[in-house]
There are 2 protein chains.
Amino acid sequence: MAESPRFQPVQPVRAYERIVEQVEDALARGDLAPGQRLPSERELVAQFAVSRSTVREALRVLESNGVVRSRPGDPNGPEILPFSSTALRKQLVRLARVDELTLAELIGFRMIMDGAAIQVASRLRTPAQLTELTDTLTAMRTAIDVDFAAFSEADLAFHDVIARISRNSLIETCNEVVRGVVLSLISNKIAHAPNSRALMLESLQHHTEVVDAIRDGDGTAAARIARQNMYDYYAGYVPEAEREALQALID
Amino acid sequence: MAESPRFQPVQPVRAYERIVEQVEDALARGDLAPGQRLPSERELVAQFAVSRSTVREALRVLESNGVVRSRPGDPNGPEILPFSSTALRKQLVRLARVDELTLAELIGFRMIMDGAAIQVASRLRTPAQLTELTDTLTAMRTAIDVDFAAFSEADLAFHDVIARISRNSLIETCNEVVRGVVLSLISNKIAHAPNSRALMLESLQHHTEVVDAIRDGDGTAAARIARQNMYDYYAGYVPEAEREALQALID
DNA sequence: CAGCTGTGACTGGTCTGACCAGTGGACTAG
DNA sequence: CTAGTCCACTGGTCAGACCAGTCACAGCTG
(Lines give C-alpha, C1' and ligand atoms only; values in the text may rest on other atoms or scores of the structure.)
Protein backbone atom coordinates (compact mmCIF):
# COMPACT_ATOMS: atom_id res chain seq x y z
CA MET A 1 0.00 0.00 0.00
CA ALA A 2 1.29 3.38 -1.00
CA GLU A 3 0.17 5.38 1.97
CA SER A 4 -1.86 4.35 4.97
CA PRO A 5 -4.75 6.77 5.38
CA ARG A 6 -4.91 8.28 8.86
CA PHE A 7 -7.80 6.48 10.48
CA GLN A 8 -9.82 8.06 13.24
CA PRO A 9 -10.57 6.16 16.42
CA VAL A 10 -14.22 5.24 16.30
CA GLN A 11 -16.61 5.02 19.19
CA PRO A 12 -20.15 3.74 19.00
CA VAL A 13 -22.84 6.37 18.53
CA ARG A 14 -25.74 5.74 20.82
CA ALA A 15 -29.29 6.22 19.68
CA TYR A 16 -30.10 8.95 22.16
CA GLU A 17 -27.11 10.93 20.90
CA ARG A 18 -28.56 10.97 17.42
CA ILE A 19 -31.77 12.38 18.84
CA VAL A 20 -29.93 15.10 20.76
CA GLU A 21 -28.04 15.89 17.61
CA GLN A 22 -31.19 16.19 15.52
CA VAL A 23 -32.86 18.50 18.02
CA GLU A 24 -29.80 20.72 18.36
CA ASP A 25 -29.41 20.89 14.60
CA ALA A 26 -33.03 21.90 14.22
CA LEU A 27 -32.40 24.59 16.77
CA ALA A 28 -29.28 25.80 14.98
CA ARG A 29 -31.09 25.88 11.64
CA GLY A 30 -33.91 27.85 13.18
CA ASP A 31 -36.52 25.15 12.58
CA LEU A 32 -36.97 25.20 16.33
CA ALA A 33 -37.06 28.40 18.34
CA PRO A 34 -37.22 29.18 22.05
CA GLY A 35 -40.79 29.12 23.30
CA GLN A 36 -41.84 26.44 20.86
CA ARG A 37 -42.75 22.98 22.09
CA LEU A 38 -41.42 19.56 21.30
CA PRO A 39 -43.91 16.75 20.69
CA SER A 40 -44.72 14.65 23.72
CA GLU A 41 -42.42 11.79 24.64
CA ARG A 42 -44.76 9.20 23.22
CA GLU A 43 -45.03 11.17 20.01
CA LEU A 44 -41.26 11.40 19.78
CA VAL A 45 -41.12 7.63 20.27
CA ALA A 46 -43.14 7.29 17.10
CA GLN A 47 -41.22 9.91 15.13
CA PHE A 48 -37.74 8.65 15.99
CA ALA A 49 -38.83 5.01 16.00
CA VAL A 50 -37.09 4.22 19.27
CA SER A 51 -38.26 3.27 22.71
CA ARG A 52 -39.34 5.72 25.33
CA SER A 53 -36.22 5.07 27.42
CA THR A 54 -34.09 6.29 24.55
CA VAL A 55 -36.22 9.38 24.00
CA ARG A 56 -36.11 10.12 27.69
CA GLU A 57 -32.33 9.82 27.88
CA ALA A 58 -32.08 12.30 25.03
CA LEU A 59 -34.47 14.65 26.77
CA ARG A 60 -32.50 14.39 30.01
CA VAL A 61 -29.31 15.41 28.19
CA LEU A 62 -31.05 18.30 26.46
CA GLU A 63 -32.56 19.36 29.75
CA SER A 64 -29.20 19.19 31.51
CA ASN A 65 -27.76 21.40 28.78
CA GLY A 66 -30.51 23.95 29.31
CA VAL A 67 -32.06 23.37 25.90
CA VAL A 68 -35.51 22.16 26.95
CA ARG A 69 -37.61 21.75 30.05
CA SER A 70 -40.14 19.02 30.68
CA ARG A 71 -43.03 19.38 33.08
CA PRO A 72 -45.26 16.47 33.97
CA GLY A 73 -48.81 16.86 32.84
CA ASP A 74 -48.10 19.61 30.36
CA PRO A 75 -50.13 18.69 27.28
CA ASN A 76 -47.98 20.92 25.09
CA GLY A 77 -44.87 18.84 25.55
CA PRO A 78 -41.32 19.87 26.49
CA GLU A 79 -40.56 23.55 26.05
CA ILE A 80 -37.62 24.93 24.08
CA LEU A 81 -35.86 27.34 26.41
CA PRO A 82 -34.09 30.56 25.48
CA PHE A 83 -30.38 30.48 26.12
CA SER A 84 -29.39 31.06 29.69
CA SER A 85 -25.95 31.22 31.16
CA THR A 86 -26.90 28.68 33.81
CA ALA A 87 -25.29 25.78 32.03
CA LEU A 88 -22.19 27.84 31.32
CA ARG A 89 -21.97 28.74 34.98
CA LYS A 90 -22.41 25.11 35.96
CA GLN A 91 -19.43 24.12 33.88
CA LEU A 92 -17.37 26.95 35.29
CA VAL A 93 -18.22 25.99 38.84
CA ARG A 94 -17.15 22.48 38.02
CA LEU A 95 -13.92 23.80 36.58
CA ALA A 96 -13.40 25.82 39.73
CA ARG A 97 -13.83 22.82 42.01
CA VAL A 98 -12.18 20.08 40.07
CA ASP A 99 -9.38 22.01 38.45
CA GLU A 100 -8.64 23.87 41.64
CA LEU A 101 -9.30 27.29 40.26
CA THR A 102 -8.33 29.80 42.89
CA LEU A 103 -10.35 32.80 43.95
CA ALA A 104 -7.49 34.98 42.73
CA GLU A 105 -7.84 33.59 39.23
CA LEU A 106 -11.55 34.28 39.15
CA ILE A 107 -11.12 37.82 40.45
CA GLY A 108 -8.28 38.45 38.04
CA PHE A 109 -10.56 37.33 35.27
CA ARG A 110 -13.23 39.78 36.35
CA MET A 111 -10.74 42.62 36.66
CA ILE A 112 -9.65 41.98 33.10
CA MET A 113 -13.11 41.65 31.61
CA ASP A 114 -14.68 44.52 33.45
CA GLY A 115 -11.76 46.82 32.72
CA ALA A 116 -11.80 45.93 29.05
CA ALA A 117 -15.53 46.50 28.71
CA ILE A 118 -15.19 49.92 30.31
CA GLN A 119 -12.26 50.77 28.09
CA VAL A 120 -14.24 50.01 24.97
CA ALA A 121 -17.30 51.76 26.34
CA SER A 122 -15.43 54.99 26.95
CA ARG A 123 -14.40 54.97 23.31
CA LEU A 124 -17.73 54.08 21.77
CA ARG A 125 -20.23 55.80 24.05
CA THR A 126 -22.70 58.27 22.57
CA PRO A 127 -23.90 61.29 24.59
CA ALA A 128 -27.24 59.57 25.10
CA GLN A 129 -25.54 56.50 26.51
CA LEU A 130 -23.50 58.69 28.82
CA THR A 131 -26.64 60.13 30.37
CA GLU A 132 -27.97 56.60 30.61
CA LEU A 133 -24.93 55.75 32.70
CA THR A 134 -25.40 58.71 35.00
CA ASP A 135 -29.03 57.68 35.38
CA THR A 136 -28.01 54.28 36.66
CA LEU A 137 -25.67 56.03 39.07
CA THR A 138 -28.55 57.97 40.59
CA ALA A 139 -30.54 54.76 40.72
CA MET A 140 -27.73 53.19 42.72
CA ARG A 141 -27.68 56.19 45.04
CA THR A 142 -31.36 55.87 45.86
CA ALA A 143 -31.09 52.09 46.16
CA ILE A 144 -28.58 52.44 48.98
CA ASP A 145 -31.38 53.62 51.28
CA VAL A 146 -33.56 50.68 50.35
CA ASP A 147 -31.75 47.43 50.56
CA PHE A 148 -28.52 45.67 49.76
CA ALA A 149 -30.38 43.54 47.24
CA ALA A 150 -31.72 46.63 45.52
CA PHE A 151 -28.22 48.04 45.37
CA SER A 152 -26.88 44.83 43.84
CA GLU A 153 -29.60 45.01 41.25
CA ALA A 154 -28.73 48.58 40.36
CA ASP A 155 -25.09 47.54 40.18
CA LEU A 156 -26.00 44.80 37.74
CA ALA A 157 -27.94 47.31 35.66
CA PHE A 158 -24.87 49.51 35.49
CA HIS A 159 -22.71 46.74 34.14
CA ASP A 160 -25.47 45.80 31.76
CA VAL A 161 -25.38 49.26 30.25
CA ILE A 162 -21.60 49.07 29.98
CA ALA A 163 -21.90 45.77 28.14
CA ARG A 164 -24.45 47.21 25.75
CA ILE A 165 -22.25 50.19 24.98
CA SER A 166 -19.20 48.04 24.41
CA ARG A 167 -21.20 45.92 21.96
CA ASN A 168 -19.94 42.66 23.37
CA SER A 169 -22.48 40.52 25.15
CA LEU A 170 -19.94 37.72 25.57
CA ILE A 171 -17.95 39.91 27.93
CA GLU A 172 -20.98 40.63 30.02
CA THR A 173 -22.13 37.02 30.05
CA CYS A 174 -18.72 35.87 31.23
CA ASN A 175 -18.63 38.63 33.79
CA GLU A 176 -21.98 37.64 35.16
CA VAL A 177 -21.12 33.98 35.27
CA VAL A 178 -17.82 34.52 37.02
CA ARG A 179 -19.40 37.01 39.38
CA GLY A 180 -21.85 34.32 40.47
CA VAL A 181 -19.04 31.83 41.02
CA VAL A 182 -17.01 34.34 43.02
CA LEU A 183 -19.93 35.23 45.23
CA SER A 184 -20.72 31.59 45.92
CA LEU A 185 -17.09 30.89 46.79
CA ILE A 186 -16.87 33.84 49.13
CA SER A 187 -20.15 33.17 50.87
CA ASN A 188 -19.09 29.57 51.30
CA LYS A 189 -15.83 30.49 52.94
CA ILE A 190 -16.63 33.63 54.81
CA ALA A 191 -19.72 34.78 56.63
CA HIS A 192 -19.48 38.47 55.91
CA ALA A 193 -21.58 41.54 55.20
CA PRO A 194 -19.89 43.76 57.76
CA ASN A 195 -21.09 47.32 57.53
CA SER A 196 -22.76 46.94 54.18
CA ARG A 197 -23.78 50.60 53.98
CA ALA A 198 -20.17 51.74 53.97
CA LEU A 199 -19.41 49.19 51.27
CA MET A 200 -22.26 50.43 49.13
CA LEU A 201 -21.16 54.04 49.50
CA GLU A 202 -17.62 53.14 48.54
CA SER A 203 -18.80 51.16 45.55
CA LEU A 204 -20.96 54.06 44.43
CA GLN A 205 -17.99 56.39 44.73
CA HIS A 206 -15.93 54.06 42.58
CA HIS A 207 -18.60 53.80 39.93
CA THR A 208 -18.88 57.58 39.86
CA GLU A 209 -15.16 57.90 39.23
CA VAL A 210 -15.42 55.40 36.39
CA VAL A 211 -18.24 57.32 34.75
CA ASP A 212 -16.26 60.53 35.07
CA ALA A 213 -13.36 58.93 33.27
CA ILE A 214 -15.70 57.62 30.58
CA ARG A 215 -17.08 61.11 30.16
CA ASP A 216 -13.55 62.36 29.55
CA GLY A 217 -13.11 59.64 26.96
CA ASP A 218 -10.00 58.39 28.73
CA GLY A 219 -10.46 54.67 28.32
CA THR A 220 -7.13 53.73 29.85
CA ALA A 221 -7.84 55.68 33.01
CA ALA A 222 -11.39 54.37 33.25
CA ALA A 223 -10.22 50.81 32.96
CA ARG A 224 -7.48 51.33 35.54
CA ILE A 225 -9.93 52.82 38.02
CA ALA A 226 -12.36 49.96 37.49
CA ARG A 227 -9.69 47.34 38.05
CA GLN A 228 -8.36 49.13 41.11
CA ASN A 229 -11.85 49.26 42.55
CA MET A 230 -12.41 45.59 42.05
CA TYR A 231 -9.06 44.82 43.57
CA ASP A 232 -9.88 46.89 46.64
CA TYR A 233 -13.22 45.20 46.92
CA TYR A 234 -12.03 41.61 46.78
CA ALA A 235 -8.35 41.58 47.73
CA GLY A 236 -9.19 40.91 51.36
CA TYR A 237 -10.45 37.47 50.43
CA VAL A 238 -7.34 36.54 48.47
CA PRO A 239 -4.22 35.08 50.12
CA GLU A 240 -1.41 37.59 50.14
CA ALA A 241 0.85 35.45 48.01
CA GLU A 242 -1.61 35.57 45.13
CA ARG A 243 -2.27 39.29 45.24
CA GLU A 244 0.82 40.15 43.25
CA ALA A 245 -0.66 38.68 40.10
CA LEU A 246 -3.76 40.81 40.62
CA GLN A 247 -1.77 43.97 41.23
CA ALA A 248 0.05 43.36 37.98
CA LEU A 249 -3.27 43.81 36.23
CA ILE A 250 -3.86 47.30 37.46
CA ASP A 251 -1.44 49.61 35.66
CA MET B 1 -49.60 36.88 61.08
CA ALA B 2 -46.89 39.36 61.85
CA GLU B 3 -44.78 38.93 58.75
CA SER B 4 -45.24 36.59 55.84
CA PRO B 5 -42.00 34.67 55.30
CA ARG B 6 -40.77 34.93 51.74
CA PHE B 7 -41.55 31.55 50.24
CA GLN B 8 -39.50 30.13 47.41
CA PRO B 9 -41.16 28.74 44.31
CA VAL B 10 -40.84 25.00 44.49
CA GLN B 11 -40.33 22.61 41.63
CA PRO B 12 -40.34 18.84 41.93
CA VAL B 13 -36.96 17.23 42.38
CA ARG B 14 -36.66 14.18 40.23
CA ALA B 15 -34.98 11.04 41.47
CA TYR B 16 -32.22 11.07 38.87
CA GLU B 17 -31.32 14.61 39.92
CA ARG B 18 -30.65 13.44 43.44
CA ILE B 19 -28.31 10.81 42.06
CA VAL B 20 -26.43 13.34 39.93
CA GLU B 21 -26.19 15.56 42.96
CA GLN B 22 -24.78 12.81 45.15
CA VAL B 23 -22.15 11.87 42.59
CA GLU B 24 -21.09 15.47 42.04
CA ASP B 25 -20.91 16.09 45.76
CA ALA B 26 -18.75 13.03 46.22
CA LEU B 27 -16.51 14.39 43.51
CA ALA B 28 -16.35 17.82 45.12
CA ARG B 29 -15.55 16.31 48.52
CA GLY B 30 -12.80 14.23 46.99
CA ASP B 31 -14.46 10.92 47.80
CA LEU B 32 -14.40 10.30 44.08
CA ALA B 33 -11.44 11.18 41.91
CA PRO B 34 -10.77 11.09 38.16
CA GLY B 35 -9.68 7.65 37.06
CA GLN B 36 -11.78 5.89 39.66
CA ARG B 37 -14.78 3.83 38.65
CA LEU B 38 -18.41 3.98 39.55
CA PRO B 39 -20.21 0.73 40.40
CA SER B 40 -22.03 -0.89 37.53
CA GLU B 41 -25.52 0.29 36.66
CA ARG B 42 -27.13 -2.69 38.29
CA GLU B 43 -25.07 -2.15 41.42
CA LEU B 44 -26.09 1.50 41.50
CA VAL B 45 -29.71 0.37 41.21
CA ALA B 46 -29.25 -1.50 44.47
CA GLN B 47 -27.34 1.29 46.23
CA PHE B 48 -29.71 4.11 45.30
CA ALA B 49 -32.78 1.87 45.54
CA VAL B 50 -34.22 3.08 42.24
CA SER B 51 -34.84 1.47 38.88
CA ARG B 52 -32.27 1.15 36.16
CA SER B 53 -34.04 3.76 34.03
CA THR B 54 -33.46 6.32 36.75
CA VAL B 55 -29.84 5.38 37.21
CA ARG B 56 -29.31 5.54 33.48
CA GLU B 57 -30.86 8.99 33.18
CA ALA B 58 -28.50 10.19 35.90
CA LEU B 59 -25.54 8.63 34.11
CA ARG B 60 -26.57 10.26 30.82
CA VAL B 61 -26.62 13.66 32.48
CA LEU B 62 -23.25 13.08 34.11
CA GLU B 63 -21.87 11.86 30.83
CA SER B 64 -23.21 14.87 28.98
CA ASN B 65 -21.51 17.09 31.53
CA GLY B 66 -18.21 15.34 30.96
CA VAL B 67 -18.09 13.84 34.44
CA VAL B 68 -18.14 10.15 33.58
CA ARG B 69 -17.94 7.87 30.58
CA SER B 70 -19.69 4.53 30.17
CA ARG B 71 -18.47 1.81 27.87
CA PRO B 72 -20.50 -1.29 27.21
CA GLY B 73 -18.93 -4.49 28.44
CA ASP B 74 -16.47 -2.80 30.76
CA PRO B 75 -16.62 -4.84 33.97
CA ASN B 76 -15.12 -1.97 35.96
CA GLY B 77 -18.11 0.27 35.48
CA PRO B 78 -18.33 3.93 34.35
CA GLU B 79 -15.11 5.88 34.58
CA ILE B 80 -14.72 9.20 36.36
CA LEU B 81 -13.12 11.56 33.85
CA PRO B 82 -10.65 14.35 34.55
CA PHE B 83 -11.96 17.80 33.82
CA SER B 84 -11.88 18.79 30.21
CA SER B 85 -12.95 22.03 28.65
CA THR B 86 -15.07 20.17 26.12
CA ALA B 87 -18.30 20.76 27.98
CA LEU B 88 -17.41 24.40 28.50
CA ARG B 89 -16.76 24.76 24.81
CA LYS B 90 -20.02 23.03 24.00
CA GLN B 91 -21.94 25.58 26.02
CA LEU B 92 -20.05 28.42 24.42
CA VAL B 93 -20.75 27.13 20.95
CA ARG B 94 -24.39 26.95 21.88
CA LEU B 95 -24.23 30.50 23.17
CA ALA B 96 -22.62 31.55 19.91
CA ARG B 97 -25.35 29.99 17.78
CA VAL B 98 -28.45 30.65 19.79
CA ASP B 99 -27.57 34.01 21.24
CA GLU B 100 -26.20 35.22 17.94
CA LEU B 101 -22.75 35.87 19.22
CA THR B 102 -20.83 37.58 16.45
CA LEU B 103 -17.34 36.71 15.35
CA ALA B 104 -16.31 40.21 16.40
CA GLU B 105 -17.36 39.55 19.95
CA LEU B 106 -15.40 36.34 20.11
CA ILE B 107 -12.30 37.92 18.66
CA GLY B 108 -12.64 40.90 20.96
CA PHE B 109 -12.79 38.50 23.84
CA ARG B 110 -9.59 36.84 22.75
CA MET B 111 -7.84 40.17 22.24
CA ILE B 112 -8.71 41.10 25.78
CA MET B 113 -7.74 37.83 27.39
CA ASP B 114 -4.56 37.31 25.46
CA GLY B 115 -3.44 40.88 26.03
CA ALA B 116 -4.14 40.68 29.73
CA ALA B 117 -2.27 37.41 30.15
CA ILE B 118 0.74 38.88 28.39
CA GLN B 119 0.56 42.02 30.49
CA VAL B 120 0.65 40.04 33.71
CA ALA B 121 3.34 37.77 32.37
CA SER B 122 5.65 40.66 31.57
CA ARG B 123 5.39 41.76 35.15
CA LEU B 124 5.79 38.40 36.85
CA ARG B 125 8.22 36.60 34.55
CA THR B 126 11.44 35.27 36.03
CA PRO B 127 14.63 35.14 33.93
CA ALA B 128 14.23 31.39 33.63
CA GLN B 129 10.71 31.78 32.29
CA LEU B 130 11.96 34.37 29.83
CA THR B 131 14.40 31.88 28.33
CA GLU B 132 11.57 29.36 28.28
CA LEU B 133 9.61 31.78 26.13
CA THR B 134 12.50 32.31 23.71
CA ASP B 135 12.84 28.55 23.52
CA THR B 136 9.27 28.20 22.34
CA LEU B 137 9.99 30.89 19.78
CA THR B 138 12.81 28.85 18.28
CA ALA B 139 10.54 25.83 18.38
CA MET B 140 7.99 27.77 16.34
CA ARG B 141 10.71 28.80 13.89
CA THR B 142 11.74 25.21 13.22
CA ALA B 143 8.12 24.07 13.08
CA ILE B 144 7.45 26.37 10.14
CA ASP B 145 9.51 24.10 7.91
CA VAL B 146 7.61 21.04 9.06
CA ASP B 147 3.92 21.52 8.90
CA PHE B 148 1.10 23.92 9.66
CA ALA B 149 -0.13 21.54 12.34
CA ALA B 150 3.28 21.52 13.97
CA PHE B 151 3.32 25.30 13.93
CA SER B 152 -0.10 25.45 15.54
CA GLU B 153 1.11 23.11 18.22
CA ALA B 154 4.14 25.28 18.93
CA ASP B 155 1.85 28.29 19.01
CA LEU B 156 -0.33 26.58 21.61
CA ALA B 157 2.78 25.78 23.66
CA PHE B 158 3.71 29.45 23.60
CA HIS B 159 0.38 30.52 25.00
CA ASP B 160 0.58 27.73 27.52
CA VAL B 161 3.83 29.15 28.86
CA ILE B 162 2.27 32.61 29.01
CA ALA B 163 -0.63 31.23 30.99
CA ARG B 164 1.69 29.49 33.42
CA ILE B 165 3.69 32.67 33.95
CA SER B 166 0.59 34.76 34.51
CA ARG B 167 -0.59 32.23 37.11
CA ASN B 168 -4.12 32.16 35.79
CA SER B 169 -5.25 28.96 34.17
CA LEU B 170 -8.78 30.31 33.78
CA ILE B 171 -7.53 32.85 31.27
CA GLU B 172 -5.83 30.19 29.26
CA THR B 173 -8.78 27.81 29.40
CA CYS B 174 -11.11 30.52 28.16
CA ASN B 175 -8.64 31.49 25.50
CA GLU B 176 -8.39 27.95 24.28
CA VAL B 177 -12.13 27.43 24.29
CA VAL B 178 -12.87 30.63 22.42
CA ARG B 179 -10.04 29.95 20.00
CA GLY B 180 -11.72 26.67 19.11
CA VAL B 181 -15.05 28.37 18.58
CA VAL B 182 -13.51 31.07 16.41
CA LEU B 183 -11.69 28.56 14.26
CA SER B 184 -14.82 26.50 13.75
CA LEU B 185 -16.78 29.60 12.80
CA ILE B 186 -14.18 30.75 10.33
CA SER B 187 -13.67 27.37 8.75
CA ASN B 188 -17.43 27.07 8.43
CA LYS B 189 -17.74 30.34 6.63
CA ILE B 190 -14.55 30.60 4.67
CA ALA B 191 -12.47 27.99 2.94
CA HIS B 192 -9.06 29.53 3.44
CA ALA B 193 -5.42 28.65 4.12
CA PRO B 194 -3.99 30.88 1.40
CA ASN B 195 -0.23 31.07 1.55
CA SER B 196 0.09 29.53 4.97
CA ARG B 197 3.86 29.92 5.06
CA ALA B 198 3.60 33.70 4.90
CA LEU B 199 1.03 33.63 7.67
CA MET B 200 3.27 31.53 9.85
CA LEU B 201 6.22 33.84 9.29
CA GLU B 202 4.12 36.85 10.15
CA SER B 203 2.78 35.19 13.26
CA LEU B 204 6.29 34.29 14.35
CA GLN B 205 7.38 37.89 13.84
CA HIS B 206 4.52 39.07 16.02
CA HIS B 207 5.33 36.62 18.77
CA THR B 208 8.95 37.74 18.69
CA GLU B 209 7.91 41.36 19.16
CA VAL B 210 5.76 40.35 22.11
CA VAL B 211 8.61 38.48 23.76
CA ASP B 212 10.88 41.48 23.23
CA ALA B 213 8.38 43.69 25.01
CA ILE B 214 8.09 41.15 27.82
CA ARG B 215 11.89 41.16 28.13
CA ASP B 216 11.77 44.93 28.57
CA GLY B 217 9.14 44.47 31.28
CA ASP B 218 6.82 46.84 29.47
CA GLY B 219 3.51 45.09 30.04
CA THR B 220 1.39 47.78 28.44
CA ALA B 221 3.39 47.69 25.23
CA ALA B 222 3.45 43.89 25.16
CA ALA B 223 -0.29 43.73 25.57
CA ARG B 224 -0.86 46.34 22.87
CA ILE B 225 1.34 44.48 20.41
CA ALA B 226 -0.43 41.22 21.14
CA ARG B 227 -3.85 42.74 20.61
CA GLN B 228 -2.74 44.50 17.45
CA ASN B 229 -1.41 41.24 16.10
CA MET B 230 -4.60 39.41 16.78
CA TYR B 231 -6.58 42.20 15.18
CA ASP B 232 -4.43 42.04 12.06
CA TYR B 233 -4.83 38.31 11.94
CA TYR B 234 -8.62 38.14 12.21
CA ALA B 235 -9.98 41.54 11.17
CA GLY B 236 -10.41 40.36 7.60
CA TYR B 237 -13.15 37.99 8.68
CA VAL B 238 -15.07 40.66 10.60
CA PRO B 239 -17.61 42.99 8.92
CA GLU B 240 -16.27 46.51 8.73
CA ALA B 241 -19.04 47.94 10.88
CA GLU B 242 -17.94 45.82 13.80
CA ARG B 243 -14.24 46.53 13.56
CA GLU B 244 -14.48 49.79 15.44
CA ALA B 245 -15.22 48.02 18.70
CA LEU B 246 -12.15 45.88 18.16
CA GLN B 247 -9.92 48.83 17.37
CA ALA B 248 -11.05 50.45 20.58
CA LEU B 249 -9.39 47.58 22.39
CA ILE B 250 -5.95 48.22 21.01
CA ASP B 251 -4.59 51.36 22.65
C1' DC C 1 -75.30 34.96 30.14
C1' DA C 2 -70.87 34.53 33.18
C1' DG C 3 -68.34 31.90 36.37
C1' DC C 4 -67.22 27.86 38.78
C1' DT C 5 -66.45 22.84 39.03
C1' DG C 6 -65.81 18.10 38.04
C1' DT C 7 -64.02 15.00 34.93
C1' DG C 8 -61.22 12.61 31.85
C1' DA C 9 -57.68 12.36 28.45
C1' DC C 10 -53.41 13.27 28.44
C1' DT C 11 -48.58 14.34 30.37
C1' DG C 12 -44.03 13.07 32.35
C1' DG C 13 -41.69 10.11 36.23
C1' DT C 14 -40.70 5.68 37.65
C1' DC C 15 -40.60 0.76 37.71
C1' DT C 16 -40.11 -4.13 35.99
C1' DG C 17 -38.28 -7.45 33.15
C1' DA C 18 -36.30 -8.83 29.03
C1' DC C 19 -32.93 -9.32 25.07
C1' DC C 20 -28.68 -8.27 22.62
C1' DA C 21 -23.84 -7.26 21.29
C1' DG C 22 -19.75 -6.49 23.17
C1' DT C 23 -15.88 -6.70 26.81
C1' DG C 24 -12.39 -8.57 29.59
C1' DG C 25 -10.79 -11.62 33.06
C1' DA C 26 -10.39 -16.36 34.29
C1' DC C 27 -9.58 -20.65 32.88
C1' DT C 28 -7.66 -24.20 29.99
C1' DA C 29 -4.77 -26.45 26.58
C1' DG C 30 -0.43 -26.45 24.65
C1' DC D 1 4.73 -19.73 30.88
C1' DT D 2 2.07 -18.48 26.86
C1' DA D 3 -1.92 -18.48 23.64
C1' DG D 4 -6.39 -19.26 22.93
C1' DT D 5 -11.23 -20.07 24.44
C1' DC D 6 -15.09 -19.20 27.07
C1' DC D 7 -18.50 -17.13 29.94
C1' DA D 8 -20.15 -13.98 33.38
C1' DC D 9 -21.13 -9.47 33.22
C1' DT D 10 -21.39 -4.93 31.08
C1' DG D 11 -24.05 -1.19 28.97
C1' DG D 12 -27.68 -0.14 25.11
C1' DT D 13 -32.25 -0.76 23.87
C1' DC D 14 -36.86 -2.27 23.98
C1' DA D 15 -41.85 -3.19 25.52
C1' DG D 16 -45.34 -2.61 28.71
C1' DA D 17 -47.20 -1.02 32.99
C1' DC D 18 -48.62 2.15 36.85
C1' DC D 19 -48.93 6.56 39.17
C1' DA D 20 -49.47 11.46 40.25
C1' DG D 21 -50.07 15.52 38.21
C1' DT D 22 -51.90 19.00 34.69
C1' DC D 23 -55.00 21.12 31.60
C1' DA D 24 -58.84 21.72 28.51
C1' DC D 25 -63.49 21.36 28.27
C1' DA D 26 -68.16 20.04 29.10
C1' DG D 27 -71.69 20.77 32.12
C1' DC D 28 -73.61 22.75 36.06
C1' DT D 29 -74.86 26.75 38.96
C1' DG D 30 -75.84 31.43 39.91
Of D/dG11, C/dC15, D/dT13, the nucleotide closest to the side chain of B/V50 is C/dC15

Among the candidates C/dT16, D/dC23, C/dT14, find the nucleotide nearest to the side-chain atoms of A/P75. D/dC23

Given atom [atom1] of [X] and atom [atom2] of [N], what is their separation to the nearest angstrom?
| X | N | atom1 | atom2 | answer |
| --- | --- | --- | --- | --- |
| A/I19 | D/dT13 | CD1 | C1' | 11 Å |
| B/D74 | D/dC9 | CG | C1' | 11 Å |
| B/E63 | D/dT10 | CD | C1' | 14 Å |
| A/E79 | C/dG12 | CD | C1' | 15 Å |
| A/E17 | D/dT13 | CD | C1' | 14 Å |
| A/F48 | D/dC14 | CZ | C1' | 17 Å |
| A/R71 | C/dG13 | CZ | P | 11 Å |
| A/E41 | D/dC14 | CD | C1' | 15 Å |

For B/N76 and for A/R42, find the nucleotide of DNA chain C with the closest heavy atom, then tell me which residue's nucleotide is more 5'. A/R42

For [X] and [N], is the shortest distance between a side-chain N/O and OP1 or OP2 below 4.0 Å?
| X | N | answer |
| --- | --- | --- |
| B/S40 | D/dT10 | yes |
| B/R52 | C/dT16 | no |
| A/S51 | D/dA15 | no |
| A/T54 | D/dC14 | yes |
| B/R60 | D/dG12 | yes |

Between B/D155 and B/S203: side-chain donor-acceptor atoms closer than 3.5 Å: no

Do A/D114 and A/H159 meet the criterion of a side-chain donor-acceptor pair at a distance under 3.5 Å? yes

Given the rule in the side-chain hydrogen bond (donor to acceptor under 3.5 Å, both in side chains) test, do A/E172 and A/S169 qualify, once you have shown the distances and angles that lead to the verdict? CA-CA 5 Å; A/E172 190 46 31; A/S169 63; over 6 Å; no

